[in-house]
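Sequential numbering from 1 along the given sequence is applied to the chain's residues. We count ligands from 1, going down the list as the structure has it; atoms in each ligand are counted the same way. As the structure is a computational prediction, the values presented were derived from the model and not from experiment.
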Amino acid sequence: MYLTKEEERILDGEFGEGMRKAMELLVAIGDAYDAEKLIPITRAHAASSGQEGDMYFVELLAKGGASCRVPTTTNPVYDMEYFHSIFEISEEEAEVPRRVKKAYKQIDAILSWSCTPYITENIPLYGEHVAFSESSATPYVNSVIGARTNREAAQSALAAGIIGKTPEYGLHFKENRKGTHLVKVEADLKDEFDYTLLGYYVAKQIGYGIPVFTGISKQPSTEQLINLCAMLNTPGAVPMFHIPGFTVEAKTVKDAFQGDVPEDKITVTDDELKRTYEEIRGASGKIDLVMLGCPHYTLKQVEEVARLLRGKKIHRDVSFWVCTSATAKLLAERNGYLSEIERAGGHVVADTCIDEPCWHPYKDKTGATDSPKCAYYRRFKEAVITRLKDCVEAAVKGEWG
Ligand code: F3S
């Protein structure tokens, strides 16, 4: 890969060991993908977590004196103070997230600790070249916004944020952004959970690719799109999609395929969604916890939880958790949603992800969630996956089904 004089000096270590490491990673990726050069990016999102592998890399950069050259947001770790007031968390266990947080601060990242920064703190514009990792973030910024990113790993996105550049390959080129699969949606998509089922089903069918959805007649909401994006990357690996006439890069189906024919076609009817739900919903019975907010709930979703819990009490044997961003939590507090949820016996927690060790008290428990991605991480033993309103009802009754 061609490097400018400055890039070569970075690689030679003239700008410090941290930048050298970041550049080394970008050059290795560029070489692997036959990129000709690095291109400037405007922003990045690093999907690392509060676990040891992530800590190793960010500390390596921090110790080497690196700092972010473009705005770079961070994925959830966990709100240590909140958890320490509820569970026993040993000093040893708290060590990793504490060090992760410290290292990200040292490298001047934006400490968003959220997996949906693209709707709050880190919103690209159409056509921006960026480096975004995280299951819902990559397809959202590519498809809905029309920014350009590859499906980055936490480390490659972070390295790109440090250098302010990324190797030019893949989805940075228009020709690689064309659809691969035509997905004819005949199902009636009524709510956010239907988009979860749609994403999950389509990803299982196509694995890797760029689906082009037709037949989605109503304007999808932000929350529906977030769910679709996240689930396309739960059983599959989908960096972007088109909804002709709605997403920004394709007015028509022909635009979406850039004049080519689809590699494959699938049809999704109500039957496919029903079968997908039957497959994932889990067994009826007692539940120990409800886990919502994977991806992080928006303010609108937190308000919906507060509304569903109004005048009700969560069963004494059920723990009830809503994960959201710090921004949404602050606004939920101002608007009174937080106190409504807490009055009913629930917790709203910012900065936190289901895939963190802080949930260990639930490892032998049965949890209900509206997110197959949340269930996938198996921080609890058995999972029930169903609509938000069913999760709330189950929390109140103490059982599901
Ligand atoms: Fe977000 Fe963690 Fe779920 S990063 S999407 S809450 S697994």
Side-chain angles (χ1 to χ4, degrees), residues 44-51 53-54 58 72-79 82-83 96-97 100-101 104 109-122 132-141 151-155 157-158 192-193 195-196 199-200 203 222-239 280 289-299 301-302 305 320-329 347-360 362 367-380 383 385 388 391:
H45 175 67
S48 40
S49 66
Q51 296 176 54
D54 296 313
V58 67
T72 301
T73 38
T74 55
N75 236 35
V77 179
Y78 75 92
D79 180 341
Y82 198 101
F83 281 84
V96 175
V100 166
K101 288 185 168 189
Y104 270 110
I110 299 170
L111 307 180
S112 54
W113 313 126
S114 166
C115 51
T116 56
Y118 49 85
I119 56 164
T120 46
E121 298 86 4
N122 197 0
F132 268 49
S133 48
E134 180 51 38
S135 63
S136 72
T138 306
Y140 194 99
V141 302
R151 197 169 176 273
E152 300 288 350
Q155 289 74 15
L158 182 54
E192 287 159 26
F193 192 69
Y195 280 80
T196 292
Y200 191 89
T222 304
E223 290 74 14
Q224 289 167 344
L225 289 165
I226 292 173
N227 286 359
L228 178 63
C229 290
M231 296 317 142
L232 285 170
N233 285 293
T234 298
V238 173
I280 64 173
L289 75 148
V290 166
M291 181 73 65
L292 303 167
C294 173
H296 274 179
Y297 261 13
T298 64
L299 182 65
Q301 289 170 308
V302 177
V305 176
F320 188 96
W321 292 91
V322 182
C323 295
T324 188
S325 66
T327 316
K329 183 172 174 181
H347 304 273
V348 179
V349 65
D351 304 346
T352 305
C353 160
I354 182 60
D355 185 28
E356 292 295 321
C358 58
W359 302 107
H360 66 80
Y362 299 125
T369 176
D370 58 349
S371 164
K373 185 175 174 189
C374 171
Y376 166 83
Y377 283 110
R378 278 291 183 267
R379 292 285 177 181
F380 37 90
I385 304 169
L388 166 61
C391 289

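- Taking the six-membered ring for Trp and the full ring otherwise, F83 and Y78 have centroids separated by under 6.0 Å.
- Below 4.0 Å from some heavy atom of N75 lie the following atoms of ligand 1, by number and element: 4 (S).
- Distance check for C294 against atom 3 (Fe) of ligand 1: an N/O/S atom falls below 2.8 Å.
- Residue contact check: I354 has heavy atoms under 4.0 Å from atoms 7 (S) of ligand 1.
- In summary, the side chains of D54 and Q155 do present a donor paired with an acceptor at a separation below 3.5 Å, with no hydrogens or angles considered.
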**Q.** Steps toward side-chain contact (heavy atoms from CB on, under 4.5 Å) verdict (Y200, S371)
**A.** CA-CA 10 Å; Y200 191 89; S371 164; over 6 Å; no
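- With a heavy-atom cut-off of 4.0 Å, T116 does not touch ligand 1 at all.
- Side-chain contact, T73 with Y118: no donor N or O sits under 3.5 Å from an acceptor N or O.
- Applying the 4.0 Å criterion to heavy atoms of K373 picks out, from ligand 1, the atoms 5 (S), 7 (S).
- By the 4.0 Å heavy-atom criterion, E134 is counted among the residues contacting ligand 1.
- Pairing each heavy atom of I226 with each of P295, the nearest pair is CG2-CG, 3.7 Å.
- Atoms of ligand 1 lying under 4.0 Å from any heavy atom of C115, numbered from 1 in the order shown and given with element: 1 (Fe), 4 (S), 5 (S), 6 (S).
- Of the protein's heavy atoms, Y377 CE1, 3.3 Å lies nearest to atom 7 (S) of ligand 1.
- A donor-acceptor pair is defined here as one N or O able to donate and one able to accept, closer than 3.5 Å; such a pair exists between the side chain of Q51 and the backbone of D355.
- At a threshold of 2.8 Å, atom 2 (Fe) of ligand 1 has a backbone or side-chain N, O or S atom of C353 nearer than that distance.
- Here the closest heavy-atom approach between residue P117 and residue H45 is recorded as CG-ND1, 3.3 Å.
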